[in-house]
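Both ligands and their constituent atoms are indexed starting at 1 by order of listing. Hydrogens, waters and symmetry mates are skipped; everything else that's a heavy atom, side chains included, is used. Along the sequence shown, residues carry numbers from 1. For clarity, every value in this text was computed on a predicted model and none was experimentally measured.
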Amino acid sequence: MKIILIGCQGSGKSTQAELLSKKFSLPILSTGDLCRKTAQENSPLGKKVKKMMNQGVLVDDFTIMKMAKKFLKEDGRKGFIAEGFPRNLNQAKALKGKIDFVFYIKVSQKEAIRRLTSRWLCSQCEENFNLLTKLPKKKGLCDLCGGKLIQREDDQEAAVKQRLALYFQQTEPVLDYYRQQGLVHEINGEQPIPAIHQDIMKIIQLSRDSH
Ligand code: AMP
């Protein structure tokens, strides 16, 4: 089964990808994670990707498709849960093969900004915290190692707004592309995590029952 999760940053699509991945034992194709991994490499590509991510702009399609194709060849042959990919029409068209479901996890821009700017992580051990859902016991310090909490550069408000604007500009055509194929199911992303998961599961189940 091949599933694509579309939703702006902060829509909770990676959480839903994890739940679906466990449920169906399918690997997650997250180009965001692949980019973050590449950005840690001390190579020209690593430096280029890091710079683009920090600026809040999309990494070029050639680099993304190379990462995605490698993943699909090695891990995603039987199926996958894609999140954050495809991010624009070029990528969607370059992704060959039948897709089973596209879930559009919808949240308002205001809610996305509220959620994204509340993410903090430890500068030493990288443990995640969230000012809305997972407050540290001591303000500004990591519960695990006492390290100073920082915001990912791309979670700071200016970068967040830019990422969201880019998202709406570039990802809407992807939605239209899949809508034309009758694959898109809209999910209310402003519900609790289990309710979103249930909505997705109901649609998958319904489709399985009718086949
Ligand atoms: P994410 O964690 O999915 O928000 O991705 C973080 C950053 O990685 C984005 O702001 C982009 O710079 C880059 N990125 C991730 N996925 C893609 C993609 N499919 N196409 C282009 N850039 C991407």
May I ask you to list the atoms of ligand 1 that are less than 4.0 angstrom from any heavy atom of [X]?
| X | value |
| --- | --- |
| Val57 | 11 (C), 12 (O) |
| Arg163 | 4 (O) |
| Gln9 | 4 (O) |

### Task
Closest by any non-hydrogen atom to atom 8 (O) of ligand 1: pick that one out of Met53, Lys50, Gln162, Lys13.
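Ranked by closest heavy atom to atom 8 (O) of ligand 1, first place is Met53.
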#### Entry: Residues forming a side chain to side chain donor-acceptor pair (under 3.5 Å) with Ser108, sequence neighbours excluded
Glu190
What protein heavy atom sits nearest [atom], and how far off is it?
| atom | answer |
| --- | --- |
| atom 16 (N) of ligand 1 | Thr31 OG1, 2.8 Å |
| atom 22 (N) of ligand 1 | Val59 N, 3.0 Å |
| atom 14 (N) of ligand 1 | Cys35 SG, 3.8 Å |
| atom 23 (C) of ligand 1 | Ile64 CD1, 3.7 Å |

### Task
Take every heavy atom of Arg36, measure it against each atom of ligand 1, and state whether any distance is under 4.0 Å.
yes
#### Entry: Ion pair Glu111/Arg115, N-O distance below 4.0 Å
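Looking at Arg115 together with Glu111, the answer is yes, because their closest N to O distance falls below 4.0 Å.
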### Query
Do the charged groups of Asp155 and Arg119 touch, with an N to O distance under 4.0 Å?
yes
### Query
Counting both backbone and side chain atoms, is some N or O of Gln91 under 3.5 Å from an N or O of ligand 1?
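Indeed, backbone or side chain, Gln91 has an N or O that close.
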### Task
Ignoring angles and geometry beyond distance, decide whether Arg87 reaches within less than 3.5 Å of ligand 1 through its nitrogen or oxygen atoms.
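N/O-N/O distance below 3.5 Å exists for this pair.
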### Message
On the six-membered ring of Phe129, is Lys134 placed so that its NZ or CZ lies under 6.0 angstrom from the centre and within 45° of the ring axis?
### Response
yes
### Query
Do Leu5 and Leu20 touch side chain to side chain, with heavy atoms closer than 4.5 Å?
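When only atoms from C-beta onward are counted, Leu20 and Leu5 do touch, with a gap below 4.5 Å.
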### Query
Short question: side chain of Ser43, backbone of Gly46 - any donor-acceptor pair under 3.5 Å?
yes
### Query
Using links of under 4.5 Å between side-chain heavy atoms of ILVMFWY residues, direct or through other members, which residues join Ile193 in one cluster?
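Under the 4.5 Å side-chain rule, Ile193 groups with Leu19.
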### Message
What verdict does the side chain to side chain contact (heavy atoms under 4.5 Å, CB included) test give for Thr63 and Val49, after you've listed the backbone C-alpha separation in whole Å, the side-chain angles of each residue and the deciding distance to 0.1 Å?
### Response
CA-CA 9 Å; Thr63 304; Val49 169; 4.2 Å; yes
